[in-house]
Protein chains: 2
Amino acid sequence: MTSEIREQVIPGERGPLEQIEQSIMQISWLAQRQFMQLLDDERFRLTLPQFYTLLHLYQIAAECKMSDLAEATQQSAASLTGVVDRLAEKQLVERKRHPGDRRQVMVVVTDRGRMLIAEIKQARREQMQAALAHLVDQEVDVLIQLLDRVLLGMTRVLEHGESGRWA
Amino acid sequence: MTSEIREQVIPGERGPLEQIEQSIMQISWLAQRQFMQLLDDERFRLTLPQFYTLLHLYQIAAECKMSDLAEATQQSAASLTGVVDRLAEKQLVERKRHPGDRRQVMVVVTDRGRMLIAEIKQARREQMQAALAHLVDQEVDVLIQLLDRVLLGMTRVLEHGESGRWA
DNA sequence: TGATATACTTAATGCTGTTGATAATCTCGA
DNA sequence: TCGAGATTATCAACAGCATTAAGTATATCA
């Protein structure tokens, strides 16, 4: 039914890939908006860039230099400086100097930061589960696999795209 | 294998729903970041809120009052005023007064705005297709259906949540 | 040593988000 | 008809972040 269509992309048409693209974009917008409001809660008081920056440090569980952190979170170095400033003010991360190369600034998440991330992840889980509650188990399994493949494709294109920029 | 787990949600566990939630959040962040860069192209020069506001007007293909537009795009009324200001400056939308209730401001997309949306949708399609190119046809079909259901769940929770806010 | 490259920060500007106040208009009861 | 209160949108002040360009410190290497 849907074969052949993906090869030759007709500009004005609404093919299956375009449907996925529209769904992903719409879900992305809603998810980020809802999450933004959650992060604004008095318990957290984080912004989206602050959260994703902190999350990356939490996930890698190691020091990370500024440029790598910027790359991983898709922010410019200039933006990241301010984001890390505010995270450091709240004592959620710490800045260190790389002993070998004193130009590099290494960032690590603190215990305080780790605790906050755990709290936020829990709150977000509850939020998202309300939206996913009507899926049955088998759908969940399939969705997990498909989303993983989408994510893989997106990160791969990011890496191989001309310095992360398209079009 | 995954039955029973969804009913009783164990806080610290990493269940299948949590996996979906993490994938969706990560995809959302990446998709919005990449799209932000695309919109920054000299051909478009739009921001994300500007695009989604314009897109909604394009999709409903009718006048829309400010409060409905704010609701639909998940922005505060105060933010939206500025967004519409800038869209109007670029002559992508027009403001009108509602004849019956002169408090209401009605917004419509212009021809210029429609053309720009069409261009952006085309560019975005190409961008996204690079990321989805490695999915096979059957996966595409399944993914479409699952994403639709996720989207349905998210919008439903939004509507029935306490005035769009959670936690 | 001195030129160049690298890593990060700073400065300036615009957009957006939040909150609270304000202005204009409508509704409805007295 | 008048006026109190509700509704709708905007404004004002402030913080965060994106972008760009310039600046500082350090490293590398001829």
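When reading the values below, keep in mind they use all heavy atoms of this one structure, side chains included, and skip hydrogens, waters and symmetry mates. Small disclaimer: the values here were computed from a predicted structure and weren't measured. In what follows, every chain begins at residue 1, and chains take the letters A, B, ... in the order their sequences are listed.
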Short side-chain N/O contact to D:dC17 OP1/OP2 from A:Ser79, under 4.0 Å = no

From CG of B:Asp68 across to C1' of D:dA9 the rounded distance in Å is 13 Å

Taking atom types as modelled and ignoring hydrogens, do the side chains of A:Arg124 and A:Gln127 form a donor-acceptor contact shorter than 3.5 angstrom?
-> no

To the nearest angstrom, how far is A:Leu48 atom CG from C:dC15 atom P?
-> 20 Å

Run the salt bridge (Lys or Arg N to Asp or Glu O under 4.0 Å) check on A:Arg149 and B:Glu139 step by step: do they pass?
-> CA-CA 10 Å; A:Arg149 304 198 50 188; B:Glu139 289 177 320; 2.3 Å; yes

Checking all strands, does A:Ser67 fall into the base, sugar-phosphate, or nothing category for heavy-atom contacts under 4.0 angstrom?
-> sugar-phosphate

Under-4.0 Å side-chain N/O to phosphate OP1/OP2 contact, A:Gln50 with D:dC17 = yes

Reckon A:Arg97 touches a base, only the sugar-phosphate, or nothing at all at heavy-atom distances under 4.0 Å?
-> nothing

Rounded off to whole Å, could you give me the CZ-to-P distance for the A:Arg86 and C:dT9 pair?
-> 12 Å

Judged by modelled atom types alone, do B:Gln75 and B:Thr53 share a side-chain donor-acceptor pair under 3.5 Å?
-> yes

What is the distance from CG of A:Leu80 to P of D:dC17, rounded to the nearest Å?
-> 10 Å

Going by number, which of residues 99-110 of chain A have a non-hydrogen atom under 4.0 Å from DNA chain C?
-> A:Arg103, A:Gln104, A:Val105

With nearest nucleotides of DNA chain D determined for A:His98 and A:Gly82 from heavy-atom distances, which residue corresponds to the more 5′ nucleotide?
-> A:Gly82

Round to the nearest Å and state the distance from B:Arg45 atom CZ to C:dC15 atom P.
-> 11 Å

Could you state the CG-P distance from B:Leu87 to C:dC15, rounded to the nearest angstrom?
-> 11 Å

Does a side-chain N or O from B:Ser76 land closer than 4.0 Å to OP1 or OP2 of C:dT18, or not?
-> yes

Taking atom types as modelled, find out whether B:Gln22 and B:Gln26 have a side-chain donor-acceptor pair closer than 3.5 angstrom.
-> no

Rounded to the nearest Å, what distance is computed from the CG atom of residue B:Asp85 to the P atom of nucleotide D:dA9?
-> 14 Å

With sequence neighbours excluded, what pairs up with A:Ser79 under the side-chain hydrogen bond (donor to acceptor under 3.5 Å, both in side chains) test?
-> A:Ser76

Between A:Arg33 and A:Ala77, just flag the one whose closest nucleotide in DNA chain C comes earlier from the 5' side.
-> A:Ala77

When every non-hydrogen atom of A:Arg112 is compared with those of A:Lys90, the smallest separation belongs to NE-O, 3.1 Å

Are B:Val84 and B:Val108 linked, directly or through other ILVMFWY residues, by side chains that come within less than 4.5 angstrom of each other?
-> no

Just by distance, do the side chain of B:Arg95 and the backbone of B:Val107 share a donor-acceptor pair under 3.5 Å?
-> no

Centroid-centroid distance, A:Phe44 to A:Phe51, less than 6.0 Å = no

Counting side-chain heavy atoms from C-beta on, which of D:dA18, D:dT20, D:dC11 comes nearest to A:Ala78?
-> D:dT20

Note: contacts of residues 54-66 of chain B with DNA chain C (heavy atom, under 4.0 Å) are none

Does B:Trp29 reach the main-chain N or O of A:Thr73 with its side chain, forming a donor-acceptor pair under 3.5 Å?
-> yes

Of the listed D:dT19, D:dA9, C:dT16, the closest approach to the B:Asp40 side chain comes from D:dT19

Roughly, in whole Å, what's the span from CD in B:Gln74 to P in C:dT18?
-> 11 Å

